[in-house]
Amino acid sequence: MNSSHDRARSWVGVGYVLLAATLFSVNGTVSKLVMAAGLSSLRLVEIRCLGAALLFAVIASWRRPGSLRIGRRELGFVCVYGVVGLALVQWLYLVAMTRMPVSISLLIEFTAPLLIALWVRYVRKEPVRGRIWVALVLTLAGLALVAQVWAGLTLDAVGVVAASLAAVALAAYYLLGERGLARRDPWSLAAWSFAAAAVFWALLQPWWTYPFAQLGVDVGLRGNGTGPLVPTWMLVGWVVVLGTLAPFALVLTALTRIGATRVGLVGTAEPPLAGLVAWAAIGETLTTVQIVGGAVVLAGIVLAESARAPQPTQALPAEGLAA
């Protein structure tokens with residue numbers, strides 16, 4: 001009986017992660033439509049962070065009153081965590097996908113698990129399985145195929161740099177998340193980290209300068225000015241609720257059912273899903289060689305995810321991210 005219950009619980013957890021990966025994938029295309037309509041990547045991530053912070057704060061308070069209390073020492077950590085792990089990850093990813101296909105941007109960003117394994121092995125001196133080296137070769141070979149380096153770098157240089165920096169920031173997000181979860185629950189940590197990211201962007205771009213009029217502009221859902229028209233504010237609402245809050249909540253729930261390692265493995269479905277969504281929604285295409293390269297990168301990511309020896313601490317989920 002217990003075995004059947006555990007299997008059912010496990011499959012539900014897998015379903016949660018797949019649904020979250022799908023929502024993150026759709027969010028990439030929705031975000032691209034918003035920016036194509038005129039709202040900058042900085043302004044989109046600013047409103048996204050604020051909206052998510054408010055919603056997570058409400059949920060954290062509802063689930064456990066008083067969980068949002070925080071000391072001065074922890075506040076400094078949360079500020080660094082929110083700025084590096086959330087604000088910069090989201091912004092760099094948005095910059096990358098405005099200059100490259102969504103799926104390729106995610107593929108480069110999803111090399112973060114490989115960076116984590118290398119950090120754990122050589123900086124923390126923790127045990128990492130030998131397959132990390134196979135993962136490294138696969139990842140680099142796959143990225144070479146995706147970029148088609150034999151024909152000269154066919155990808156946008158700024159986009160590649162932005163996606164690579166997003167991978168570094170995403171790796172920091174997971175590593176810092178392990179430390180943060182030792183002190184508080186995931187919901188309140190998410191609320192505080194999103195709040196720190198929101199304050200960071202508000203200082204750089206005060207809210208009284210926000211182009212609120214842009215939110216009323218109609219957007220063509222095909223990405224080229226055609227298709228059904230919807231107001232930008234509706235798409236921004238999607239980004240906040242269904243592109244941030246819902247997938248984060250699903251992954252948080254899945255962590256309690258199948259653990260961080262399996263969540264990470266199943267979450268690697270996001271890049272190919274993002275490619276399918278972008279192809280269906282806005283007509284982005286990849287060559288056969290790039291598709292093969294993407295599959296090789298995913299194989300390397302799966303190996304990298306499983307290369308680290310199991311740890312008792314779980315990290316927070318991220319977008320495609322997720323960041």
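When reading the values below, keep in mind they use all heavy atoms of this one structure, side chains included, and skip hydrogens, waters and symmetry mates.
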Distance (rounded to the nearest 0.5 Å) between L245 CG and L54 CG: 11.0 Å
Crowding at CH2, W201 (>12 non-hydrogen neighbours, <6.0 Å): yes
Kindly indicate, with the supporting measurements, whether the criterion side-chain contact (heavy atoms from CB on, under 4.5 Å) is fulfilled by W192 and R184. CA-CA 11 Å; W192 274 110; R184 62 174 51 248; 4.0 Å; yes
Checking L176 against F77 for the side-chain contact (heavy atoms from CB on, under 4.5 Å) test, could you report, in this order, the C-alpha distance in whole Å, the side-chain angles of both residues, the deciding distance, and whether it holds? CA-CA 9 Å; L176 290 173; F77 165 79; 4.0 Å; yes
Are side-chain heavy atoms of D185 and R63 found at a separation under 4.5 Å? no
Can you tell me how far the OG1 atom of T232 sits from the CG atom of L215, to the nearest 0.5 Å? 6.5 Å
Using 30° and 60° as the class limits, which term best fits the ring planes of Y81 and Y173: parallel, tilted or perpendicular? parallel
Decide yes or no on side-chain contact (heavy atoms from CB on, under 4.5 Å) for E109 and L170, but give the supporting numbers first. CA-CA 8 Å; E109 182 180 346; L170 182 57; 3.8 Å; yes
Straight-line distance of F56 CZ to L189 CG, nearest 0.5 Å: 10.5 Å
Atom pair OG1/CG of T98 and L44 - distance to nearest 0.5 Å: 11.0 Å
Which value, rounded to the nearest 0.5 Å, describes the distance between S41 atom OG and Y93 atom OH? 12.5 Å
Determine, using the 4.5 Å side-chain heavy-atom cutoff (strictly less than), whether W207 and L204 are members of one ILVMFWY cluster. yes
Return the minimal non-hydrogen interatomic distance between V84 and A172, and the atom names on each side. CG1-CB, 4.0 Å
Just how far is it from atom CG of L94 to atom CZ of R99, taken to the nearest 0.5 Å? 13.5 Å
Do you reckon L68 sits in the same ILVMFWY cluster as L55, going by side-chain contacts under 4.5 Å, direct or chained? yes
hydrophobic_cluster_shared for L115 and V89, side chain cutoff 4.5 Å: no
Identify the two heavy atoms, one from V30 and one from L235, that lie closest to each other, and give their separation to 0.1 Å. CG1-O, 3.7 Å
Does any part of the side chain of W187, heavy atoms only, come nearer than 4.5 Å to the side chain of S67, both counted from C-beta? no
Where is the tightest heavy-atom contact between A195 and A53, given as atom of each residue plus distance? N-CB, 3.5 Å
Determine whether P231 and V217 make a side-chain contact, defined as any pair of heavy atoms from C-beta on separated by less than 4.5 Å. no
Given side-chain contact (heavy atoms from CB on, under 4.5 Å), test V78 with I70 step by step and report yes or no. CA-CA 10 Å; V78 167; I70 190 170; 3.8 Å; yes
Any side-chain heavy-atom pair of V236 and I47 under 4.5 Å: yes
Membership question, hydrophobic clusters at under 4.5 Å side-chain separation (ILVMFWY): are L75 and F194 in the same one? yes
Any idea which heavy atoms bring S31 and M97 closest together, and the distance? CB-CE, 3.2 Å
If we ignore angles and hydrogens, is there a donor and acceptor under 3.5 Å between the side chains of R183 and S188? no
Aromatic ring pairing F212/Y210, orientation class (parallel under 30°, perpendicular over 60°, tilted between): tilted
For the side chain of S61 and the backbone of V58, is there at least one donor-acceptor N/O pair under 3.5 Å apart? no
Closest contact, heavy atoms only, R48 versus T244: NE-OG1, 2.5 Å
Is it true that V45 and V161 fall in one hydrophobic cluster, defined by side-chain heavy atoms closer than 4.5 Å? yes
Closest heavy-atom contact between S40 and M35? C-CG, 4.3 Å
Between the side chain of Q214 and the main-chain N/O of W233, is any donor-acceptor distance below 3.5 Å? no
